[in-house]
Amino acid sequence: YGTFGTFNFDGAISGAVAPGVSARASVLVQHRNDWIDNTLTAGKDNLGGYDETAGRLQFLFNPNDQLDVLVNVHARNLVGTSAIFRANVITPGTNGLNANYDRNSVTYNQGGGNPQEYNGYGASVNVSYDFGDIKLTSISAWETAEGFSRGDIDGGVAGVGPGFIPFDSDTQDSLNDLEQVTQEVRLASDYGGPLKWQVGAFWFDSSFDITTVGPFGFPPSTTVTHENTSWAIFGQGSYDISEALTVT
């Protein structure tokens with residue numbers, strides 16, 4: 001617990017739940033009160049706070065000495081204040097903050113309270129099977145997220161200040177429908193001796209949209225779509241020629 005009502009808590013509980021099955025549940029809670037005054041908004045402490053919660057549940061299955069399966073599901077939620085922009089707080093040609101900077105207050109006529117909110121969910125499955133001399137590993141993962149951030153990005157009020165602000169600007173960016181899938185498969189030697197090797201493949205697929213909304217509808221809303229699919233194959237071998245020399 002600290003200044004501005006800042007509160008952090010994280011904890012976990014784990015243990016065996018059945019023969020060959022263990023589990024772990026973990027949680028994170030973070031909070032901070034609003035502590036920055038907007039001089040154009042009624043009341044005090046209008047900005048700066050946040051609430052974040054996250055949780056993860058994991059199961060480990062060991063039905064025999066050869067097979068391990070780790071299943072992971074997780075989620076996160078963030079609600080709070082976006083970045084605080086401050087106009088003309090550094091004098092050109094200097095390296096320090098000037099008298100326009102007030103740590104505890106800003107003057108915003110836009111930004112809608114500078115809100116920010118993001119949500120994310122995901123899962124993964126890690127499978128390992130030991131054939132004796134060779135170990136097979138497969139890692140599958142999926143993630144999704146969305147959210148937005150809005151702000152008074154001119155950092156003050158045009159014609160009022162602090163300092164010279166040529167025009168007011170209020171901008172919002174949104175992350176829409178992030179979907180990401182990855183898959184890795186690899187084989188690795190496990191028989192000891194001077195030779196060690198591994199070979200495998202990796203696949204990555206991701207897509208999401210970013211929507212930007214400008215002040216007063218100008219420039220008009222713009223959505224940019226990002227899509228990326230990539231793959232790789234890899235291999236590595238090393239040989240211990242002596243205790244002092246290894247070639248990879």
Side-chain angles (χ1 to χ4, degrees), residues 1-2 4-33 48-64 66-83 114-130 135-150 172-186 188 198 200-211 223-232 234:
Y1 183 81
F4 308 129
T6 304
F7 173 80
N8 293 335
F9 171 82
D10 65 87
I13 184 170
S14 61
V17 295
V21 182
S22 56
R24 177 180 175 88
S26 50
V27 64
L28 169 70
V29 179
Q30 297 183 322
H31 168 83
R32 176 170 292 164
N33 294 335
Y50 60 82
D51 284 287
E52 179 172 15
T53 55
R56 181 173 59 226
L57 184 61
Q58 300 176 86
F59 290 95
L60 179 62
F61 300 91
N62 303 111
N64 52 53
Q66 289 77 42
L67 179 62
D68 292 334
V69 180
L70 177 63
V71 179
N72 176 324
V73 293
H74 49 268
R76 176 205 180 205
N77 174 259
L78 169 68
V79 178
T81 300
S82 64
N114 274 49
Q116 179 174 224
E117 181 174 351
Y118 283 92
N119 297 283
Y121 309 90
S124 65
V125 178
N126 188 329
V127 180
S128 177
Y129 192 88
D130 191 347
K135 178 175 287 187
L136 169 67
T137 301
S138 170
I139 304 173
S140 308
W142 166 80
E143 298 288 341
T144 183
E146 61 181 9
F148 74 95
S149 178
R150 178 183 175 185
Q172 175 175 306
D173 285 320
S174 301
L175 172 67
N176 308 318
D177 300 325
L178 167 68
E179 294 281 349
Q180 188 176 95
V181 177
T182 59
Q183 175 66 52
E184 179 180 353
V185 178
R186 66 177 182 264
Q198 68 170 340
F202 181 79
W203 181 69
F204 174 92
D205 184 81
S206 176
S207 65
F208 60 93
D209 295 336
I210 297 290
T211 300
T223 298
V224 178
T225 298
H226 298 255
E227 294 182 345
N228 182 25
T229 301
S230 60
W231 59 269
F234 57 90

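Because the structure is a prediction, the values reported are computed rather than measured.
Contact record, W142 with E179: NE1-OE1, 2.9 Å, taken as the closest heavy-atom pair. When all heavy atoms are compared, the tightest approach of T211 to T223 is OG1-OG1, 2.9 Å. Contact between F234 and R186 at its shortest, heavy atoms only, is CZ-CB, 4.0 Å. For the residue pair D173 and Y118, the shortest heavy atom distance occurs at O-OH, 4.5 Å. In this structure, Q66 and N64 approach most closely via the heavy-atom pair N-OD1, 2.9 Å. In terms of heavy-atom proximity, A123 sits nearest to E143 at N-OE2, 4.4 Å.
Judged by distance alone, with hydrogens and angles left aside, the side-chain atoms of S206 form no donor-acceptor pair with the main-chain N or O of Q180 at under 3.5 Å. Of the possible polar contacts, none joining the D177 side chain to the E146 backbone as a donor-acceptor pair under 3.5 Å is found. A distance-only check finds no donor-acceptor pair linking the side chain of S26 to the backbone of A12 [under 3.5 Å].
A distance of 6.5 Å separates CH2 of W203 from OG1 of T229, quoted to the nearest 0.5 Å. The distance from the CZ atom of F7 to the CG atom of D51 is 11.0 Å, given to the nearest 0.5 Å. Separation of atoms CG (D209) and CD (E227) is listed at 8.0 Å; rounding is to 0.5 Å. Interatomic distance, OH of Y50 versus CZ of R32, reported as 4.0 Å (0.5 Å rounding). Here the NE2 atom belonging to H74 is positioned 10.0 Å from the CD atom belonging to Q58, to the nearest 0.5 angstrom. Note: L60 CG to L70 CG = 5.5 Å, rounded to the nearest 0.5 Å.
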TODO: Show your working on side chain to side chain contact (heavy atoms under 4.5 Å, CB included) between D10 and V29 and close with a plain yes or no.
DONE: CA-CA 6 Å; D10 65 87; V29 179; over 6 Å; no
(message) Quick one, E117 with N77, criterion side chain to side chain contact (heavy atoms under 4.5 Å, CB included). Give me CA distance, side-chain angles, the key distance, then yes/no.
(response) CA-CA 8 Å; E117 181 174 351; N77 174 259; 4.3 Å; yes
**Message:** What verdict does the side chain to side chain contact (heavy atoms under 4.5 Å, CB included) test give for N72 and R56, after you've listed the backbone C-alpha separation in whole Å, the side-chain angles of each residue and the deciding distance to 0.1 Å?
**Reply:** CA-CA 7 Å; N72 176 324; R56 181 173 59 226; 3.4 Å; yes
**Q.** Criterion side chain to side chain contact (heavy atoms under 4.5 Å, CB included) on L67 and F61, from CA distance to verdict
**A.** CA-CA 8 Å; L67 179 62; F61 300 91; over 6 Å; no
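Legend: residues meeting salt bridge (Lys or Arg N to Asp or Glu O under 4.0 Å) with R76, ordered by chain and number and at least two apart, are E52. For Y129, the ring-ring contact (aromatic ring centres under 6.0 Å, His included) criterion is met by F131, not counting sequence neighbours.
A donor-acceptor pair shorter than 3.5 Å can be found between the side chains of Q183 and S140.
A 4.5 Å side-chain heavy-atom check between V71 and L57 finds every atom pair outside the cut-off.
Checking each of I139, V69, V185 against V127 for a side-chain contact (heavy atoms from CB on, under 4.5 Å) leaves exactly one that passes, namely V69.
You'll find the ring centres of F208 and H226 inside the 6.0 Å limit.
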